[in-house]
Asks: 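Here it is, the structure in full.
Computation of the quantities below employed the complete heavy-atom set of this structure, encompassing side-chain atoms and omitting hydrogens, waters and symmetry-equivalent molecules. Along the sequence shown, residues carry numbers from 1.
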Amino acid sequence: MKRGIHPDYHPVVFQDANTGDRFLTRSTATSERTVEWEDGNTYPLLTVEISSASHPFWTGTQRIMDSAGQVEKFRRRYGTRT
């Protein structure tokens, strides 16, 4: 990488706002808030609205859309074309 043109890439802790789960990764994002991690080091803390800990797809609570029911509802409302 060329020096001086890339943003600082450093360890950051992300915290899920819904579940409170935290994970350590690397990012260019930064924050004024910090947290002491399990290894004893202090890292910037970023809060995210949704992560794999609370996302419906990853937790298995995803609703399945009834597309067949939607088609029938449309046909009842607007009829079929002849």
Asks: CG of L46 to CD of Q15: how many Å apart, nearest 0.5 Å?
Replies: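 Spacing of CG (L46) from CD (Q15) equals 10.5 Å.
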Asks: Might you point out which heavy atoms bring P44 and V12 nearest each other, and give the distance in Å?
Replies: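 Nearest heavy atoms, P44 then V12: O-CG1, 3.6 Å.
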Asks: Would you say the side chain of D16 lies within less than 4.5 Å of the side chain of E49, judging by non-hydrogen atoms?
Replies: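 E49 does not reach D16 side chain to side chain.
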Asks: Only pairs under 3.5 Å count here: list side-chain donor-acceptor contacts from residues 19-29, not counting sequence neighbours, and write none if there are none.
Replies:
unit_1	atom_1	unit_2	atom_2	d
T19	OG1	D21	N	3.3
R26	NH2	Y9	O	2.9
S27	OG	A29	N	3.0

Asks: Could you walk me through whether T30 and H10 satisfy the side-chain contact (heavy atoms from CB on, under 4.5 Å) test, starting with their C-alpha distance in whole Å, then the side-chain angles of each, then the deciding distance to 0.1 Å, before giving a yes or no?
Replies: CA-CA 9 Å; T30 188; H10 54 274; 4.1 Å; yes
Asks: Applying side-chain hydrogen bond (donor to acceptor under 3.5 Å, both in side chains) as the test, list every pair that has at least one member in residues 34-48; sequence neighbours left out.
Replies: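 Passing the test, one end in residues 34-48: R33-T47, D39-N41, D39-Y43, N41-Y43.
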